[in-house]
Amino acid sequence: MVVGVGGWRKRIQARQAQQPDGRMTGGRLTGLDGVRGLAVLLVVLSHNQVPLFGPGGIEGVTTFFTLSGFLITGLLLKEFRVTGRIDLLAFWGRRALRLLPALFTFVGLVSVVFWATGWGTRASVVAWVKPVLLYYSNFQTIHGRSLGPFRHTWSLAVEEQFYLVWPLLLLPLLVLLRGRRRARSWLLWGMSLLTVVSLYWRLRVGLSGPEGFWVRLAPHTTVFSMTAGACLAVVYERTWRPGRWAPAVAFLGLTAYFWLPVLAPRYAGWIWGPLIYTGIALVLLLSTTGTRRTVFNWRPLRSLGTVSYGWYLWHYPFMSVATHLFTGSALTVALWSGMVLSLLVAAGSWRYLERPLQRRFRARLERVRLSSAPRADAPAVSPSARTDAVEEDLLDTAAGAVAAPGAAPELPVREADRVIDLTAADLDREAPVTGA
């Protein structure tokens, strides 16, 4: 009888540990890894010119942009609520620790290969590398300057420019709204205004003249995807959550990535496409945060998401090498082989470079840490109420921590929420890439 009761209790505890929104308590929303996996898969297949995919990987890139805006904004909101400020150096330090080791390794090895094989001169390699490392490769492309095997890094430059500027814009707004009534609504209106202005700018320039790289790659004409994700980070703070319709809507949004370029190619291109794909990405994020019963919790897709950054870096040089060496049917085989090889390199980069560095140095940059334990001055809550609060948490990191003493500043985010930073992979577990 005792054994039976003990087993029953263990089953109840295990069921309670898994939250209805698909997140393990104290862990991360694993479905977002699946969204990352889908995004990088869309980019790689599109660059390999696989049928049923839009031009230039715009579907996956737009999804990455929207996801970045959602996660980064949630992190910044939480830090300000807890500490009353945003530690910009710590924030940028975490971004650098996550992005630069893999980028430096990638740029160094690819540069050596292209220079040693004669596919690029020393001067051309230097001209390629400089804008990549300084994150202005999108402007190089806009001005018609070659980036060689690093052409795809324009999107990394756009995201890094967002990481640099967005905290500087958000912090004054948060300070201005602190302690005010309806602060969350005003914050949402401000972000929505930025989104509309950027979108209007893109459509006005893109539809009134010849389509060019300035419309496609400039930060002010692409930032609307990231600010739309930021709006979702604020909306997610409300008590509303997606209902049982979430899996069906997620399925429709997922299929739109494939049928839109075929049935409506005009609206899948570089002008209208990012607008539509941003909407689809928002739907996928909502469905993922509302339920775990989506394809994005499929383990191989989540494994792809874990190594998505490295795979995005490495796949394009492999394609460039294939186009230098092969033609015809042999080129097709080489491109697909390059997809697999670049994925293996990305997995190795994650396992032996990125993950160890994150484990060793990230704690030094974690300035804001919270725990689920209540403050000494907080009123006691019942276990059921505490469970409800946990279910309404914003996305949290796997790292637990201790909150700063004293009352937290009033901010347009929920009291029960904890720090989020899901742009870095989960360091407490190793997501296998086997079968990805």
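Numbering starts at 1 and runs along the sequence shown.
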ask   = With under 30° as parallel and over 60° as perpendicular, where do the rings of Tyr312 and His152 fit, or are they tilted in between?
value =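 Tilted.
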Check: [Y] main-chain N/O paired with [X] side-chain donor or acceptor under 3.5 Å:
X	Y	answer
Thr83	Phe80	no
Ser137	Thr153	yes
Gln140	Leu147	no
Tyr309	Leu99	yes
Thr323	Met319	yes
Arg202	Val215	yes
Ser287	Leu284	yes
Trp311	Thr306	no

Polar side chain donor-acceptor pair, Thr278 to Ser225, under 3.5 angstrom =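 Indeed, the side chains of Thr278 and Ser225 share at least one donor-acceptor pair under 3.5 Å.
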message = Looking at every non-hydrogen atom in both residues, tell me the closest pair between Pro101 and Leu357 and how far apart they are.
response =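 Closest pair (atom of Pro101, atom of Leu357, distance): CB-CD1, 3.5 Å.
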task = List the atom of Leu275, the atom of Leu199, and the distance in Å for their closest heavy-atom pair.
result =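 Scanning both residues, the minimum pair turns out to be CD1-CD2, 3.5 Å.
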Tell me which donor-acceptor pairs under 3.5 Å the side chains of residues 110-119 have, and how far apart each pair is, sequence neighbours excluded?
residue	atom	partner	partner atom	Å
Ser111	OG	Val107	O	2.6
Thr117	OG1	Val113	O	2.7
Thr117	OG1	Phe114	O	3.4

Within the 6.0 Å centroid threshold, strictly below: [X] and [Y]:
X	Y	answer
His315	His47	yes
Trp214	His220	yes
Phe150	Tyr316	no
Trp92	Tyr163	no

query = Between Ser124 and Thr121, does a side chain to side chain donor-acceptor pair (under 3.5 Å) hold up when you go through it step by step?
reply = CA-CA 5 Å; Ser124 64; Thr121 64; 3.1 Å; yes
inquiry  = Please evaluate residues Glu160 and Arg95 with respect to the criterion salt bridge (charged side-chain N to carboxylate O under 4.0 Å, His left out), reporting the C-alpha separation (whole Å), side-chain torsions for both, the decisive distance (0.1 Å), and the verdict.
reply    = CA-CA 9 Å; Glu160 193 64 25; Arg95 297 299 94 223; over 6 Å; no
Residues Arg85, Glu79: salt bridge by 4.0 Å N-O rule =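 No salt bridge links Arg85 with Glu79.
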Criterion side-chain contact (heavy atoms from CB on, under 4.5 Å) on Leu32 and Leu285, from CA distance to verdict = CA-CA 7 Å; Leu32 293 184; Leu285 291 177; 3.5 Å; yes
